[in-house]
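Okay, structure first, notes after.
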Amino acid sequence: MATAIAPVRSTRPGASPKRPRSSAPSGPTGGRWGTPVAYIIALVMCGITVAPVIYVILGGFRTTAQINSDPSGLPDPWVLEKYGAVFADPNFWTQFGNSTIVAVATTLGVVLLGVMAAFVIARYEFVGRGLLFSLFTAGLLFPLTVAVLPLFTMLRSFGLLGNLLAVIGPQIAFALPTTIIILVPFLRAIPAELEDAALIDGAGRFTFFWRVLLPLSWPGLVTVGVLAFVASWNAYLLPLLLLGNPATATLPVGVQYFSTAYSQDTAGVLAFTSIAMLPALLFFTLAQRRIVGGLTGAVKG
Amino acid sequence: MALSTMNTGPAVTAAGPVPTPDRPSAPARRRRQRSGGLLLIWVFVLPALLVYTTFVLVPVALAAVYSFFNWNGLGPLDRFIGVDNYARALQDPIFLGAMGHNFAIVALSLAVQGPLAIAIALLLNRRMRGRALIRTLIFVPYVLSEVVAGLAFRLMLPPGGPVDTFLTSLGWTGEKPLWLADPEVAFWTLFAVITWKYLGFAIILMLAGLQGVPEELSEAAAIDGASWWQTQRYITLPLLGPTIRIWAFLSMIGSLQLFDMVFILTGGGPLNATETMATYMVEYGNGRSQIGYGSAVAVILFVVSLVIALAYQRFVLRRDLRGAITRG
């Protein structure tokens with residue numbers, strides 16, 4: 001994890017323009033037969049990945065009778081009432097609100113705590129620095145599943161069961177290892193000369209952190225933020241055990257609850273499911289470039 | 001300076017109070033800056049460390065403690081039973097079966113998803129129309145929650161459901177297996193769904209890794225007369241080594257901790273055919289309030305992950321020392 005992002009990116013533009021096509025007819029970026037095969041594979045892959053999503057979305061526009069008579073048909077006629085019923089369901093809005101609060105709080109918490117810890121780990125020499133870093137990276141080996149039963153008893157004794165804080169705290173804690181691992185090389189790559197210059201100009205280290213380092217590490221922060229947001233939005237086990245009651249739960253728990261409570265209403269379940277998945281999907285699509293860029297940084301080295 | 005006292009506001013209030021008085025003389029400033037450095041380290045690290053300790057380290061330690069007790073989660077923790085919980089788990093054929101399923105998924109993921117992801121990434125790693133769209137679509141399953149994905153497949157897989165209809169339209173007119181209800185089949189269905197869910201992540205990771213492979217090397221090889229296949233095999237793949245190894249690590253750990261998807265898709269059934277260590281743990285620890293026993297299962301799960309991770313690290317280190325990159 002030592003190498004930084006910059007060198008990885010910088011190899012790309014220089015590599016693109018002219019290449020000795022004549023001497024390399026079947027170069028790495030596509031032989032004569034390579035391209036059609038690549039398109040076919042891409043098409044098949046995309047079909048497989050997207051088909052269930054389309055099934056769920058379209059299913060919400062059908063009636064259960066339509067679905068039962070022809071499982072894989074198109075909506076005929078299109079009905080909007082299933083989606084309407086979801087939007088009219090107060091439980092849905094509670095769960096939507098809870099999911100949003102939990103995801104936003106988790107994201108802000110993990111980005112703030114993560115960048116602060118990663119900042120000193122990446123840039124300062126002090127006793128116990130290596131130990132600290134190992135301690136955080138060891139978190140990758142502590143799965144949530146191991147901690148979930150003690151978390152349950154612990155938070156129950158605090159009287160926090162059913163409270164959104166019971167989910168936010170552990171989610172921040174369990175997202176910290178990945179966040180710090182991704183951010184440390186990022187922050188290390190920011191030249192020390194910048195810090196010297198800031199200090200000579202009379203800025204304190206806090207000022208440097210706030211005014212120079214944070215803006216420069218923005219892409220990394222977006223990456224870890226999006227990862228944390230999506231993970232939180234999709235989280236199931238923790239809200240299931242710590243929030244319990246569907247009225248106080250988040251969307252994944254609500255979706256699962258809805259699907260068992262109204263299992264005969266297939267179209268309704270599909271409508272609920274597709275609305276529940278849309279925010280993460282949209283959010284991710286908007287931030288997709290950042291994720292891939294951030295992964296490139298984290299993966300190298 | 002006004003700059004340093006005023007603009008640090010947000011960071012300072014979030015992290016705790018920090019004195020930043022005026023700076024009188026040069027020597028004094030120097031001294032304070034150094035002690036300020038130590039203070040800064042603590043102010044910056046402490047919040048993360050505190051949260052991490054409270055919600056990760058302490059619960060994991062508590063799980064280890066609980067595992068030696070017969071405890072239902074209520075009342076005093078006073079029925080110490082030594083390693084009985086561990087003995088019970090390791091003698092329970094259902095738990096051993098669950099562990100076997102985890103190992104099978106680890107092995108199958110490495111053997112099937114890895115090569116598949118690498119092959120697809122190599123094929124897609126070229127300038128093509130709609131490249132950004134393709135990548136986004138391939139990544140879609142990874143972004144969906146396990147609950148949504150699991151539910152979608154549960155609704156698609158019943159007998160005569162959309163999947164069966166689709167297979168019939170492809171020409172498979174015969175009797176279809178009971179994808180989720182047949183104990184012989186359910187595990188393979190689960191693995192197929194897991195592959196659907198996580199293959200995209202592997203492909204994107206590999207593509208990201210491929211961006212770090214300088215094109216000049218492949219070009220040089222091509223000039224020297226290497227075929228496309230030879231270039232991939234002897235230049236690109238070895239350079240992709242670090243990415244592959246990180247993916248393999250993430251995949252193994254994820255396979256050992258598999259919970260959500262199984263819980264939604266099959267609940268561990270039918271006849272425990274898809275039980276994993278984590279679903280077993282939740283079933284006993286939470287469902288049956290056997291916190292002590294569930295914790296012992298959690299500790300076993302942790303130890304298994306740790307042993308595999310450490311063994312893997314040794315293996316990876318050895319490989320890296322042998323110079324996977326310089327080979328070929």
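In what follows, every chain begins at residue 1, and chains take the letters A, B, ... in the order their sequences are listed.
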(message) Is it the case that the side chain of B:Tyr66 and the backbone of A:Leu149 share a donor-acceptor pair, with hydrogens and angles ignored and the cut-off at 3.5 Å?
(response) no
(message) So does B:Glu146 get a backbone contact from the side chain of A:Asn234, meaning a donor-acceptor N/O pair under 3.5 Å?
(response) no
Only pairs of heavy atoms separated by less than 4.5 Å count here; which of [options] has the most with chain B?
options: A:Cys46, A:Pro52, A:Ser263, A:Ala147; answer: A:Pro52
options: A:Ile67, A:Leu151, A:Val230; answer: A:Leu151
options: A:Phe152, A:Phe136, A:Tyr124; answer: A:Phe136
options: A:Ile172, A:Ile180, A:Thr153; answer: A:Thr153
options: A:Phe126, A:Tyr236, A:Trp233; answer: A:Tyr236

(request) Run through A:Leu251, A:Leu278, A:Thr273 and flag the one making a side-chain contact (heavy atoms from CB on, under 4.5 Å) with B:Val148. (result) A:Thr273
Does any heavy atom of chain A fall under 4.5 Å from the side chain of [X], the backbone, both, or neither of them?
X: B:Val65; value: neither
X: B:Trp71; value: side chain
X: B:Val58; value: side chain
X: B:Thr53; value: neither
X: B:Leu151; value: side chain

(request) Please work out whether the ring planes of B:Phe44 and A:Phe209 are parallel, tilted or perpendicular, with thresholds of 30° and 60°. (result) perpendicular
(message) So, taking the atom named CG in A:Leu237 and the one named OG1 in B:Thr279, what distance separates them when rounded to the nearest 0.5 Å?
(response) 11.0 Å
(message) Can you tell me how far apart CD1 (B:Ile41) and CD (A:Glu125) are? Round to the nearest 0.5 Å.
(response) 9.5 Å
Where does [X] contact chain B at under 4.5 Å (heavy atoms): side chain, backbone, both or neither?
X: A:Leu240; value: side chain
X: A:Val269; value: side chain
X: A:Val255; value: both
X: A:Phe119; value: side chain
X: A:Val115; value: neither
X: A:Ile41; value: side chain

Taking side chain as C-beta onward, heavy atoms only, is [X] less than 4.5 Å from [Y]?
X: B:Phe259; Y: A:Leu144; value: no
X: B:Leu124; Y: A:Met45; value: no
X: A:Leu135; Y: B:Leu57; value: yes
X: B:Met277; Y: A:Thr145; value: no
X: B:Val51; Y: A:Leu113; value: yes
X: A:Arg156; Y: B:Leu74; value: yes
X: A:Leu281; Y: B:Leu144; value: yes
X: A:Leu132; Y: B:Leu49; value: yes

(message) With chain A as the partner, which of B:Gly73, B:Ala152, B:Ala278 has the greatest number of non-hydrogen pairs under 4.5 Å?
(response) B:Gly73
(message) I'd like to know whether the aromatic ring centres of A:Tyr55 and B:Phe153 sit less than 6.0 Å apart in this structure.
(response) no
(request) With sequence neighbours excluded, tell me which residues meet side chain to side chain contact (heavy atoms under 4.5 Å, CB included) with B:Ser305. (result) B:Ile253, B:Leu256, B:Gln257, B:Leu301
Do you know which two heavy atoms are closest between [X] and [Y], and how far apart they sit?
X: B:Phe55; Y: A:Ala173; value: CB-CB, 3.5 Å
X: B:Ala63; Y: A:Val146; value: CB-O, 3.7 Å
X: B:Val143; Y: A:Ala280; value: CG1-O, 3.6 Å
X: A:Met116; Y: B:Val43; value: CE-O, 3.8 Å

(message) Are there over 12 heavy-atom neighbours, none belonging to B:Phe249, within less than 6.0 Å of that residue's CZ?
(response) yes
